[in-house]
Engineer: 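Just passing along the structure, written as structure tokens.
Order of appearance sets the numbers: ligands from 1, and atoms from 1 within every ligand.
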Amino acid sequence: MKNKRVLVTGGLGFIGSHTVVALQKEGFEVVIIDNLSNSSLDVLAGITQITGKTPEFENLDLREKPAVQNFFEKYPDIEGVIHFAASKAVGESVINPLLYYENNISSLVYLLQELVKKDSCKFIFSSSCTVYGQADELPITENAPVKKAESPYGNTKQIGEEIIQDTCKVNNHLKAISLRYFNPIGAHPSAEIGELPIGTPQNLVPFITQTAIGKRDELSVFGDDYPTSDGTAIRDYIHVMDLAEAHVIALKRLFTESDRANYNVYNLGTGNGNTVLEVIKTFEKVSGTDLPYKIVGRRAGDITAAYADTNKANNELNWKASRSLDESLESAWKWQNVVIAKEKEEN
Ligand code: WQD
């Protein structure tokens, strides 16, 4: 894959930045598009610190169709695209659905309109297990029915997959894969990059690490009356580096395998489910801290349990998540300590 040029949209974001590191390690030439709405230019320095190579960077908004067209005129040799750029806060999407439909759908359409003009292109789409809602059967396979989304955010992922599938049907030269993430957590072991939630974290693990570091008073556990071993909800927490490596493998598969349909879908999880209380206990163990928390009511829209059946990705991509929950939480805690030290330096 030496020197193949790949576009990573949202490449300064949490999963995007870790994927850029993995791509550069595989010899890809990476160009990042990011509008910095939910990320920071410091991430570019973090990537460079890890790989010794600064990706090319274009600060542009994919909602601007002319800007997207100009980008592909400036970079005619892009052979692959990994598309992360999207708004992703479930709660915000309920309050401001049009922001989500414009940002997540229009940008995808404008990208695909440019890609189908090329002789060939590989496309990886950042999707989510949220498309399954509460699956009827666990673990969840890719054949599980896609249910009516619980939020506009989840709906944009469902619609996005359908847009790509319909486009691939009439463009054989476009090869695409949708990757349905379970719950990405953790950070690069170097702690040079990691999750940087802006404002109050919506997700469990950054809220845990900010509570442990003293930035939050206590964690609210959203409900302990679920039909699970300890009453708290179950999720499949996957290390962001396992997720990043899966993107590189999926992209390489699109470059090398021509014997398959030009559209496919894979679940990316560990195949293990953990309750919220199990995550808290594991975090306390690996961090050596006591986490203050209280049980409160359920959060609207939350499901009881989701964890992946990983056989399809294991067998067809020859990929399997290798990092444990302990390792994921350790890396998140190490990253949180670096972030707080930097904040203290700056203040
Ligand atoms: C995990 C568990 C909460 C915060 C969402 C999106 C998904 C993906 C990942 C983007 C749940 C509980 C959480 C807190 C808590 N996002 N929790 N207290 O909701 O499974 O998935 O984020 O791609 O698409 O749907 O992740 O981390 O918010 O919650 O008790 O302060 O932790 O109820 O059981 P979720 P999460």
Side-chain angles (χ1 to χ4, degrees), residues 10 13-16 18-19 38 83-94 100 103-104 125-135 138 140 146-147 149-158 160-161 178-186 195 197 199-212 215-240 243 247 267-270 273-283 291-308 325 328-329 332:
F14 173 38
I15 304 165
H18 289 80
T19 302
N38 193 19
H83 181 43
F84 293 103
S87 302
K88 62 158 204 166
V90 173
E92 182 188 46
S93 77
V94 173
Y100 276 69
N103 190 32
N104 295 5
F125 179 60
S126 167
S127 189
S128 169
C129 65
T130 205
V131 302
Y132 299 115
Q134 176 57 70
L138 293 170
I140 304 171
V146 170
K147 292 190 174 176
E150 304 265 343
S151 68
Y153 160 75
N155 203 23
T156 64
K157 292 302 181 184
Q158 291 179 7
E161 289 189 7
S178 290
L179 296 175
R180 293 173 177 168
Y181 313 154
F182 282 68
N183 287 62
I185 63 168
E195 195 168 5
T200 307
Q202 299 304 306
N203 296 127
L204 177 66
V205 171
F207 205 106
I208 286 178
T209 58
Q210 286 193 12
T211 302
K215 197 166 181 175
R216 307 284 161 195
D217 294 335
E218 66 180 355
L219 170 76
S220 296
V221 174
F222 297 142
D224 68 347
D225 58 350
Y226 287 99
T228 63
S229 58
D230 60 24
T232 59
I234 294 168
R235 296 291 185 275
D236 182 335
Y237 296 96
I238 178 170
H239 195 297
V240 66
L243 206 58
H247 284 73
N267 285 343
L268 294 184
T270 65
N274 286 107
T275 68
V276 174
L277 289 179
E278 285 169 350
V279 173
I280 292 172
K281 284 184 183 60
T282 305
F283 177 80
L291 193 85
Y293 68 87
K294 65 182 174 188
I295 305 291
V296 299
R298 294 183 178 189
R299 177 172 65 179
D302 275 356
I303 57 168
T304 300
Y307 49 93
L325 179 65
S328 301
L329 292 171

Engineer: Is the backbone N or O of Lys147 less than 3.5 Å from a side-chain atom of Gln158, with the two atoms forming a donor-acceptor pair by type?
Structural biologist: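 Between the backbone of Lys147 and the side chain of Gln158 there is a qualifying donor-acceptor contact (under 3.5 Å).
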Engineer: Could you tell me whether Phe84 and His18 have their ring centroids closer than 6.0 angstrom?
Structural biologist: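 No: the rings miss the under 6.0 Å criterion.
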Engineer: Any sub-3.5 Å donor-acceptor pair from Asp236's side-chain atoms to Thr270's backbone N or O?
Structural biologist: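 Such a contact is found between Asp236 side chain and Thr270 backbone.
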Engineer: To check you understand the geometry: which heavy-atom pair defines the closest contact between Gly273 and Ile234, and what is its length?
Structural biologist: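 Heavy atoms of Gly273 and Ile234 come nearest at CA-CG2, 3.6 Å.
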Engineer: Would you kindly check if the NZ (Lys) or CZ (Arg) of Arg298 is within the cone defined by 45 degrees around the ring axis of Tyr226 and under 6.0 Å from the six-membered ring centre?
Structural biologist: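 Judged by the rule (NZ or CZ under 6.0 Å from the ring centre, within 45° of its axis), Arg298 counts as positioned above Tyr226.
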Engineer: So if I only count non-hydrogen atoms and take anything under 4.0 Å from ligand 1, which residues does that give, chain by chain?
Structural biologist: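 For ligand 1, the contacting residues are Val90, Ser128, Thr130, Tyr153, Asn183, Gln202, Asn203, Leu204, Leu219, Ser220, Val221, Phe222, Ala233, Arg235, Tyr237, Val276, Arg299, Asp302.
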Engineer: Could I get the full list of side chain to side chain donor-acceptor pair (under 3.5 Å) partners for Arg180, not counting sequence neighbours?
Structural biologist: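 Result, side chain to side chain donor-acceptor pair (under 3.5 Å) vs Arg180: Tyr132, Glu161.
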